[in-house]
There are 2 protein chains.
Amino acid sequence: MRISKEHDVRRNEILDKAESLFEVKGYNKTTVNDILREVNIAKGTFYYYFKSKEEVLDAVIDRYLEIALERAEDVKKRTDLAPAEKLIQVILGLRMGEPNSGVIEELHSPENALMHQKSIAGVVLRLTPIMKEIVNEGIATGDFTTPFPEETIKIMLTAGFTLTDEGMFSFTQEERQRLIQALFYSFETLLGAKKGSFDIGFERIN
Amino acid sequence: MRISKEHDVRRNEILDKAESLFEVKGYNKTTVNDILREVNIAKGTFYYYFKSKEEVLDAVIDRYLEIALERAEDVKKRTDLAPAEKLIQVILGLRMGEPNSGVIEELHSPENALMHQKSIAGVVLRLTPIMKEIVNEGIATGDFTTPFPEETIKIMLTAGFTLTDEGMFSFTQEERQRLIQALFYSFETLLGAKKGSFDIGFERIN
DNA sequence: AATTTCAGACCGACCGTCGGTCTATTTATT
DNA sequence: AATAAATAGACCGACGGTCGGTCTGAAATT
């Protein structure tokens, strides 16, 4: 039996199922055949929409990044938040290392190394410009002072993204909270922000 | 024709050739058959020494880490260096992101994602304890002040390792130098060290 | 209104490659 | 001679990807 659908509908079906499979079994262990079974299509159909399994991964990550970027843009525009608070919001919006939230980070490392790497690269490349504008605001208002605004952002994004990845490092609840505290404290320090301006309550990270 | 060798000799032969293949073609694209051809052994021999291709990768990385750790221990012991200078030495000893130096970082990302991830995890896990001792020295002498010594080390290691990976990000010569400056500046700042104590001459990074 | 044409969605058999297994055989050790 | 260690390479199954072709609905032609 043959079911024909609109291009974008089918494409998104594939993306949705692939995404959840990647989350559950990891990218490596997810077979193209797994995806076919889930979406109920034939091999040919899959390769009609994507030219490789990796391209599906790219598309999945892209979709996630698009959402994150939009959220970040919204936060940037707000006038009721101080620059520091905006940065906190943007970072929390990434929901780094939190299972079942976005696309990223499940299971043990070998399965998801590629997904992890592509995610970091994407986040750093695309989120840095927006965050840089926020930091510049902060510099203009005198909230921040730093000789390396852009580099500071990149450092904090990579470190945060990698260290909170449960597939790479494991920690107790306390270690995790302490790490997150340290990350925000470091951001604050490197930006030369007022002490305490990057403090977040525990409720916000769990 | 059949050539028999001592266990460790053969094992290291495999490791050596695998390592250079990983560097040249990347881990993913390097076939077990490639390794066999290079070492001139049969499949059975390979799997007599290693139970999987991934185990070879682990062994290669482990060898690299062993060397880095030894260097770090040596630096730690020295009495002619200030803590800050010791940390610089340890980090430069990693030769992060430098092609053809250690095992790590060649080519484009997808091929080496796993290698990269395992390297970071290994470096962070095994190097942090040693660097922590050095930082503690610095705290004792009053050179450093920080509420998060261990976390600071981890942040700087992951950021440095990832951002200088030419397989993930590309930069011009100037961008690269500026990034490295920023990394050392950040380390200095987060450790609360005296300004300029982490300054390095350009000669030392090229 | 009936028929032809066309494009794009879809199908699944097939292929080459690759990591890994199995068992036989040779070499070293005692 | 017996045993263990090392080597060999034919073989296997799974996987990503290809290819030739089919189905369907809508536009164009008659």
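Sequence lines set the chain letters: A, B, ... in the order given, protein chains first and strands last, and positions in each chain run from 1.
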Checklist entry - Side chain of B:E150, backbone of B:T128: donor and acceptor closer than 3.5 Å? => result no

Item to check | Within 45° cone of A:Y27 ring axis and under 6.0 Å: A:K53 NZ or CZ | outcome: yes

OP1 or OP2 of [N] less than 4.0 angstrom from a side-chain nitrogen or oxygen of [X], does that happen here?
X	N	answer
A:H7	C:dG8	no
A:T45	C:dC11	yes
B:Y47	C:dG20	yes
B:R10	D:dA6	no

Report the distance from atom [atom1] of [X] to atom [atom2] of [N], rounded to the nearest whole Å.
X	N	atom1	atom2	result
A:K53	D:dA14	NZ	C1'	12 Å
A:I14	C:dC11	CD1	P	10 Å
B:N33	D:dA8	CG	C1'	14 Å
B:L36	C:dT21	CG	C1'	14 Å
B:Y48	C:dT27	OH	C1'	12 Å
B:E55	C:dG19	CD	P	15 Å
A:F50	D:dT18	CZ	P	15 Å
A:N40	C:dC10	CG	P	12 Å

Checklist entry - Parallel, tilted or perpendicular for A:F187 and A:F198, by the 30°/60° rule? => result tilted

Item to check | Closest-nucleotide ordering on DNA chain D, the 5'-leading residue of A:K43 and B:I41 | outcome: B:I41

Checklist outcome for this item: Of A:T30 and A:G44, the one whose closest nucleotide on DNA chain D sits nearer the 5' end is A:T30

Next on the checklist: By nearest atom, which of the nucleotides D:dA6, D:dG17, C:dC10 is closest to the B:Y49 side chain?
Outcome noted: D:dA6

Next on the checklist: Working note: B:L179 + B:F169, criterion side-chain contact (heavy atoms from CB on, under 4.5 Å); need CA distance, chi angles, decisive distance, verdict.
Outcome noted: CA-CA 12 Å; B:L179 172 64; B:F169 303 100; over 6 Å; no

Item to check | Candidate list B:E23, B:K25, B:E19, test side-chain contact (heavy atoms from CB on, under 4.5 Å), partner B:L21, passing option | outcome: B:K25

